[in-house]
Amino acid sequence: MAVLEIKKYPDSVLREKAKSVENVDGKLVKLAEDMLETMYAAPGIGLAAPQVGESLRIIVFDVGHSQGEPEPHVLINPVITASEGEEIAEEGCLSLPGIYTNVKRAAKVEVKGYDLDGNEVVMQAEGLMARVLQHEIDHLEGKLLIDRLSRVRQHMIKKKLKKALAER
Ligand code: NI
């Protein structure tokens, strides 16, 4: 396994609509494993393939790891099939270093996708897990958390990002 480079805003790969995975081969399994390792090393609780420069519909996440109960998940071609309620909570993104901001998301979601064995997976999630799933699936659409903010807030954050980039 290997730790991959995480693409940062404003890298254009983060704005592409990712392609569906057609079949799970050794290369894809390796990518998923590398993504998990990259996520743990960051450290983060979720990562989408475009964030490591692969415009493919694959996400990894683990919301238990920081509580000492690792539960790695890989989802291929994930789709939100139902959502309910609303919840506002603070979010960050490994592609937007130093940015933490409140984002409104559905409180509960049902997500369908496939695991690395090609089996269909249906997940019912709420709380942090629901948030991570929505955040990572947004990445597959080329969407970042800043796109979910008010225009005033977006303007403030983009200014901050521009400043951080200039100082890099
Ligand atoms: Ni992110």
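Counting from 1, the numbers follow the sequence of the chain as shown. When a ligand or atom number is given, it counts from 1 through the structure's own listing order.
Ionic pairing of R57 and E141 is present here: one or more N-O contacts between side-chain nitrogen and carboxylate oxygen are shorter than 4.0 angstrom. Salt bridge absent: E91 and R148 never bring a charged side-chain N and a carboxylate O closer than 4.0 Å.
With waters neither drawn nor counted, the protein N/O/S atoms under 2.8 Å from the Ni ion (ligand 1) amount to 3.
Between I76 atom CD1 and D117 atom CG the span is 9.0 Å, to the nearest 0.5 Å. Interatomic distance, CD of Q51 versus CG of L94, reported as 6.0 Å (0.5 Å rounding). Distance check, rounded to the nearest 0.5 Å: NZ of K7 to CD of E54 gives 9.5 Å.
Partners of K163 under the salt bridge (Lys or Arg N to Asp or Glu O under 4.0 Å) rule, at least two apart in sequence or in another chain, are E167.
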